[in-house]
Amino acid sequence: MLFVGLQVFIWSATGLYMVMTNIHYIHGEHLQKPSPVLNVSSLKFNHADVLKSYPNADSISLFNRVGEPVFLVQEGRESALVNATTKELMPKVTEQEAREIALFQFHDSAGVIANISYLKDSAPSELSARHLPVWEVQFEGIASPTFYISESSGQVVTKRHNPWRIFDWFWRFHIMDYLHGEDVGNVFFLVVSITTLLSTLAGCCLVYQRVLRNFVQSSVRKFANKWTKGRTTHVN
Amino acid sequence: MLTKRANAVLHKWIATIVSIQLVIWLGTGLYFGLADDPKASGNQFRQKVEHKSESLQTPTLVTLKKLSSELSGAKRVSLVWRLDKPYYLAFFQETAHGYQKQSVKWFDTETGALSVINKNYVTELAQQSLKHAEKNTLVENATINLISTGTKDIPSERNAIWAVALNNTDNTTIYISDVSRKVIAHVDDHKRLKNLMFQLHFMDYFNTGGFNNIFSKVFALLTLLLAITGIRWLFISKVWKGKFVK
């Protein structure tokens, strides 16, 4: 009971955190400013010009990156950036550009970058490896907000902050998969869940015996008396 | 600090309130651990739709300047293909997730005219997303509706969606987003059972598609109190001292 009780405490504490914090806040949606509006009337080149160079493109998107319009060409899992003013292929995002992109998009205009590092071969657990290579830009602040900026597309592919990291750890404790936080069907979880379910059903029996039985019995008795009285009156 | 008696009374009355929900949480949690995931995904007969064939010729595209009045306020303009036809897709409100409320406009790239989809497009896309021997008959006999008020099958969706309800044994419905013009889900009875389990686990009785609701907050708080009073009772009671410490 002690072991199960401890896990019930963990389930309820982690569950309480999850339901109390808004999921969009946990995703860090507030950390990034909305994209700026495009000015298409001053464009020198169009999608058609880019398509000539990339005829197999799956999509070509025009948007503003740090105040200048760019085309993002997506071809399968590969992507390339084309300057919409010069039509030139843009080189991979440098550290300085990653800083500019991060500061331009960070919600707090007074934000200060605490650390920046280049991740090529291995991703931390908070980032999907499919986004590599990326620039990891950490901002100063108690929540330690972090932007992951794709080296090829220059886009913020993932945003993380401490409330997300706490959520992630709580999720691992909630599903009892402490290593990866993915397998809800692990044996440990199933054994403890079944034991707790049996304990809870026993608790329900106790609740019935100690709290509800008198109420149920008196209600049934009242109903039976009323029904019998009604029948007697009707017969007379 | 609570006295032993107050702790026991509090434990008893909280248990009275949350006991059934606790059984539901544990039961649905066990279901998630034991459920057959591939079947419960609803994707038994789903296949990926290729929107752009390799042999397509380079299309004729109107310039964005010709659409400048229509594109006023746009944040992103993408050239995309849907069922081998090119379109301009303009985003006026971008969101982190596709299910959140978005504001977009679609344009025919040859004429620059605003584009809307109809039942023919939806039928074609639904057919292409199915891997089933009788897919043509299934889709031809399907009921097609445009839903703008949300659906219980995909409670988190905030945009207009097309529902193609097939007349098969599993009651499969194919959902197509009016915003992205892509198939967003195949929902069948197996998936609906999983949805019901999520709804019960999240106490999402108003079909918001999330767990940040008042019921789950109140019950999570009460359950935490139940666990704390229970553990306290276990540790400090005479029963503990008598049975375990001696």
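Note that the structure is predicted; figures quoted are calculated from it, not measured. All chains are named by letter (A, B, ...) in the order of the sequence lines, taking the proteins before the strands, and each is independently numbered beginning at 1. Side chains included, hydrogens not; waters and symmetry mates left out as well; all remaining heavy atoms used.
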Would you mind telling me which of A:P69, A:P34, A:S42, A:P36 has the largest number of heavy-atom pairs within less than 4.5 Å of chain B?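 Top count of heavy-atom pairs under 4.5 Å with chain B: A:P36.
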Do you know which of A:L212, A:V184, A:L38 has the most heavy-atom pairs with chain B at a distance under 4.5 angstrom?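 When all of A:L212, A:V184, A:L38 are compared, A:L38 has the most.
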Out of B:F215, B:F219, B:F211, which one pairs with A:V19 under the side-chain contact (heavy atoms from CB on, under 4.5 Å) rule?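 Considering B:F215, B:F219, B:F211, a side-chain contact (heavy atoms from CB on, under 4.5 Å) with A:V19 is found only for B:F211.
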Please say which of A:V8, A:L16, A:T14 ends up in a side-chain contact (heavy atoms from CB on, under 4.5 Å) with B:L224.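 Among A:V8, A:L16, A:T14, the one meeting side-chain contact (heavy atoms from CB on, under 4.5 Å) with B:L224 is A:L16.
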Spatial distance of atom [atom1] ([X]) from atom [atom2] ([Y]) [nearest 0.5 Å]:
X      : Y     : atom1 : atom2 : result
A:T200 : B:I24 : OG1   : CD1   : 12.0 Å
A:L190 : B:F32 : CG    : CZ    : 13.0 Å
B:L79  : A:F71 : CG    : CZ    : 9.5 Å
A:R210 : B:W13 : CZ    : CH2   : 12.5 Å

Got a donor-acceptor contact below 3.5 angstrom from the A:H47 side chain to the B:V77 backbone?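 Yes.
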Between [Y] and [X], is there a side-chain heavy-atom distance shorter than 4.5 Å?
X      : Y      : result
A:L62  : B:L64  : yes
B:K12  : A:V211 : yes
B:S78  : A:S59  : no
B:W81  : A:D58  : no
B:L67  : A:V40  : no
B:N212 : A:H24  : no

Report which part of [X] has an atom under 4.5 Å of a heavy atom belonging to chain B: side chain, backbone, both, or neither.
X      : value
A:F189 : side chain
A:I175 : neither
A:V37  : both

Tell me the closest heavy-atom pair linking A:S35 and B:E94, and the distance in Å.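 Nearest pair, atom of A:S35 first, then B:E94: OG-OE1, 3.1 Å.
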Using 30° and 60° as the class boundaries, would you call the ring planes of B:H201 and A:H174 parallel, tilted or perpendicular?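 Perpendicular.
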Between A:S12 and B:T223, is any side-chain donor less than 3.5 angstrom from a side-chain acceptor?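 Side-chain D/A pair, A:S12 to B:T223: absent.
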Go through it in stages, so that I can follow the logic: the residues are A:N64 and B:R76, the test is side chain to side chain contact (heavy atoms under 4.5 Å, CB included), and I'd like the CA-CA distance, side-chain angles, deciding distance and then a yes or no. CA-CA 8 Å; A:N64 261 323; B:R76 179 185 291 258; over 6 Å; no
Measure B:A15 against the heavy atoms of chain A and call it side chain, backbone, both or neither at under 4.5 Å.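 Both parts, backbone and side chain.
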